[in-house]
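Throughout, protein chains are lettered first and strands after them, A, B, ... in sequence-line order, and every chain is numbered starting at 1. Side-chain atoms are counted along with the backbone in the values below, which use heavy atoms only and exclude waters and symmetry mates.
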Amino acid sequence: MIEILVDEQKHGFEAGVTAAEVLADKDAIAARVDGRLVDLSVRLEESCTVEPVRFGSEEGRKIFWHSGAHLMAQAVKQLFPEAKPTIGPAIPDGFYYDFDVPKPFTDEDLGRIEERMKKLAKKQIPIIHKWFPREQAIKFFSERGETYKLEIIKDLPDKRISVYEQGDFVDLCRGPHVPNTGRIKAIKLLSVAGAYWRGDENNRMLSRIYGIVFPTEGQLKEHLARLEQAKLHDHRKLGPALDIFSFHEEAGAGLVFWHPKGATIRRLIQNYWNREHLAAGYQLVVTPHIGRGRLWQQSGHYDHYREDMYTFMVDNEEYVLKPMNCPGHMLIYRTKVRSYRDLPLRMAEWGTVYRNERSGVLHGTIRVRGFTQDDAHIFCTPGQVEDEIFGVIKLSLKMLRAFGFTDFNVDLSVRDPKHLDKYLGTDEQWDLAEKSLISALERSGLKYHRAEGEAVFYGPKIDIKLLDSLGREWQCSTCQFDFNLGDRFKLYYMGEDGKHHSVYLVHRTVLGSIERFVGILVEHYGGAFPTWLAPVQARVMTVTDKEIGYARNVVRQLVAAGVRVEIDTRSDKIAYKVAEAERLKIPYMLVTGAREAQKQVVSLRRHGKGNLGTFSIEATLAQIGEQANVPG
RNA sequence: GCCCAUGUAGCUCAGUCGGUAGAGCACUUCCUUGGUAAGGAAGUGGUCGCCGGUUCGACUCCGGCCGUGGGCUCCA
């Protein structure tokens, strides 16, 4: 007899009982035994603690999706015997599996593979874990011509190799897995893509299939509905549809043309940003868009970043279109001897930069080749570092919250302790920087994730990633130390002691780039901007031609009060005008018919909410005005 | 940059087994003056992404390029 702790209760079992028998839980797809994830079929020989792992948990989903990847690989091997499986992991939303095939998969293949998967799932094929002695594993996979598996085995130190068998399909795999293919009830293959073996572009391009599976049809439907929702929020569709921006093939990829409405949104963001930054003690500067190549050699960008820079010749000398604002700010700092009394110096710029991003990474306004950073550099003394970092975090959070974001994931990126030689700067600098980042994070009460080895070579940093209305993560704010530029530009300040000291340099942005940020806002709000950011806040519409005079009068009063307003006097029916205004997601619709004109009122309608009733002009202005303030 | 897919009117999409194109919406005009998510009619609008090749003839087949999308990679 052994004693097993299940659900906080001890039970006696015969040694050799399986986890499945102990749990007797229909929803369990795997088990956790003394903290280790194992198959339900595992035999328990000693006293232990057993917990069920269900699809509802993150690790449960990972196991389930990984089993989905195996099922797909089985189907692929049956339909395409020449396909060599490589790796097929679970990802946050499903799984993928990469195959080496003579001809890449097409979308048509997906349907066939999906059908075969459904067939295999119905058969409820048992998924069996086996240990192969190393030699046997090598023999087995070489007989099958699965050279990629052999390559993986080569890197495994173990004497015995873990494999999973389901019918005719055997895969090298650590597991665990669901007990049989029948647990997978709903299957959807989503897309095919090319991917390099081991992510290295010098290696062979493999054919990748993305898919997702669920224990019930309902969950798949829900998931697909979420994907539909994301499509409706796509800024690449909404932007042009709402007359915010456009792209033009004849102008070049990754270059945004901002229409009046988009330019208005940018201006509103910038006005708010400027107000907050001036209040927080920043000074705004402006620097040129081009410069001599040697400036970029001095900053070091030229060596590291050459590929991404646009360069051109001027009088036999190479110039560059600025890809970063930093060197300009360094030059301004250096124009006079700075005293410790002058610090901290916070220098900010709406800096438009151009980078020759590789064509494949361009994405709407979110990843472009010309963009405007809300850039700033803080020059300070070691003693000021912590307060400055805290100030940056506070400012970032305040602003991001004003834009409607409430949830954040924060990363603290520090050196890789195993490769300290990769980094510039002294240990003292890194220690002080890291300590100040941590205490600033703690002061602001933020939970954060410590990412070892994620720091860039010139300093540690904090990244604030926001979660939008659909739960998607976007990286915007960053606050990073720079131990490189201070040296390269010989930046110092005169200390109290009358000696030169090197400055601490902090590079930071709140929004990242305004192009990207507007794109994120469009996605977040699905194009329905809050009143304070809406390019058009109100539209006045007449019911018949007789009220045009009154409607114009209403518009005049709104304009005088600073409301961004349009008028619709077309001879269409009011229902049509309302439909269009709703489609354009204009926050307030003011209907001015004969009844309203007679009483000098308007009938107010809110986007997405419908008719609010009739209000006087003053009451209408008060209502819009209240919504037009920056929140927070 | 690489793999795959894709490009027909402002938008959404039909279509042509190779014989130079069509719908709905939008737009313009006219009728309509109607009360909260699309009233009616007529009309304008396309070098079928661009360049080259094959062909008597190319939107259609082939090649190259550009753009876009899904990924990979990159993100000093």
Are the aromatic rings of [X] and [Y] close, with centres under 6.0 Å apart?
X: Phe481(A); Y: Trp430(A); answer: no
X: His304(A); Y: Phe457(A); answer: yes
X: Phe99(A); Y: Tyr97(A); answer: yes
X: His223(A); Y: Phe214(A); answer: yes

Quote, to the nearest angstrom, the [atom1] distance that separates [N] from [M].
N: rG63(B); M: rA5(B); atom1: P; answer: 12 Å
N: rC17(B); M: rG69(B); atom1: C1'; answer: 29 Å
N: rC51(B); M: rA58(B); atom1: C1'; answer: 14 Å
N: rC59(B); M: rA14(B); atom1: C1'; answer: 14 Å
N: rA23(B); M: rU44(B); atom1: P; answer: 11 Å
N: rA26(B); M: rG10(B); atom1: C1'; answer: 7 Å
N: rU12(B); M: rU73(B); atom1: P; answer: 31 Å
N: rG45(B); M: rC27(B); atom1: C1'; answer: 9 Å

- Please determine which of Arg606(A), Arg564(A), His607(A), Gln537(A) meets the side-chain hydrogen bond (donor to acceptor under 3.5 Å, both in side chains) test together with Thr531(A).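 For Thr531(A), the side-chain hydrogen bond (donor to acceptor under 3.5 Å, both in side chains) test succeeds with only one of Arg606(A), Arg564(A), His607(A), Gln537(A), which is Arg606(A).
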- Item | Reference residue Asn409(A); test side-chain hydrogen bond (donor to acceptor under 3.5 Å, both in side chains); the match among Lys465(A), Glu473(A), Gln475(A) |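 Result for side-chain hydrogen bond (donor to acceptor under 3.5 Å, both in side chains) with Asn409(A): Glu473(A).
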Looking across every strand, which nucleic acid part, if any, lies under 4.0 Å from [X] by heavy atom: base, sugar-phosphate, or nothing?
X: Gly610(A); result: nothing
X: Ala594(A); result: base
X: Arg605(A); result: base
X: Arg570(A); result: sugar-phosphate
X: Asp303(A); result: nothing
X: Gly360(A); result: base
X: Phe247(A); result: nothing
X: Gln475(A); result: nothing
X: Ser191(A); result: sugar-phosphate

- Between rA76(B) atom C1' and His301(A) atom NE2, what is the distance in whole Å?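 Result: 5 Å.
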Pair [X], [Y]: side-chain N/O donor-acceptor within cut-off below 3.5 Å:
X: Thr542(A); Y: Lys577(A); value: yes
X: Tyr148(A); Y: Asp100(A); value: yes
X: Thr287(A); Y: His329(A); value: no
X: Arg552(A); Y: Tyr550(A); value: no

- Message: Can you see if the side chain of Tyr576(A) gets near the phosphate of rA26(B) - specifically, an N or O under 4.0 Å from OP1 or OP2?
- Response: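 Tyr576(A) to rA26(B) OP1/OP2: side-chain N or O found under 4.0 Å.
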- Would you tell me if any nitrogen or oxygen in the side chain of Arg583(A) comes within less than 4.0 Å of OP1 or OP2 on rU36(B)?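 For rU36(B), OP1/OP2 do not have a side-chain N/O of Arg583(A) under 4.0 Å.
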- Message: Quick check: closest heavy atoms across Val361(A) and Arg367(A), and the distance to 0.1 Å?
- Response: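 Taking Val361(A) first and Arg367(A) second, the nearest heavy atoms are O-CG, 3.2 Å.
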- Looking only at heavy atoms, what is the nearest atom pair of Ser299(A) and Asn484(A), with distance?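 Closest heavy-atom pair between Ser299(A) and Asn484(A): O-ND2, 3.6 Å.
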- Using heavy atoms and a sub-4.0 Å distance, could you list which residues of residues 534-546 of chain A are near RNA chain B? By number, please.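 Contacting residues: Val543(A), Thr544(A), Asp545(A), Lys546(A).
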- So which of residues 232-245 of chain A are in contact with RNA chain B, with a heavy-atom cut-off of under 4.0 Å?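 Within residues 232-245 of chain A, the residues near RNA chain B are Arg236(A), Lys237(A).
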- Query: How many angstroms lie between CZ in Arg583(A) and CG in Leu242(A), if you round to the nearest 0.5 Å?
  - Reply: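 The CZ atom of Arg583(A) sits 10.0 Å away from the CG atom of Leu242(A).
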- Note on the structure: Its dot-bracket string being built from Watson-Crick and G-U pairs below 3.5 Å, with | for another strand and [ ] for crossing, RNA chain B has the pattern (((((((..((((.....[..)))).(((((.......))))).....(((((..]....))))))))))))....
- Determine whether any donor atom in the side chain of Tyr196(A) lies under 3.5 Å from an acceptor atom in the base of rC2(B), or the reverse, and answer yes or no.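 Flag set: donor-acceptor pair detected.
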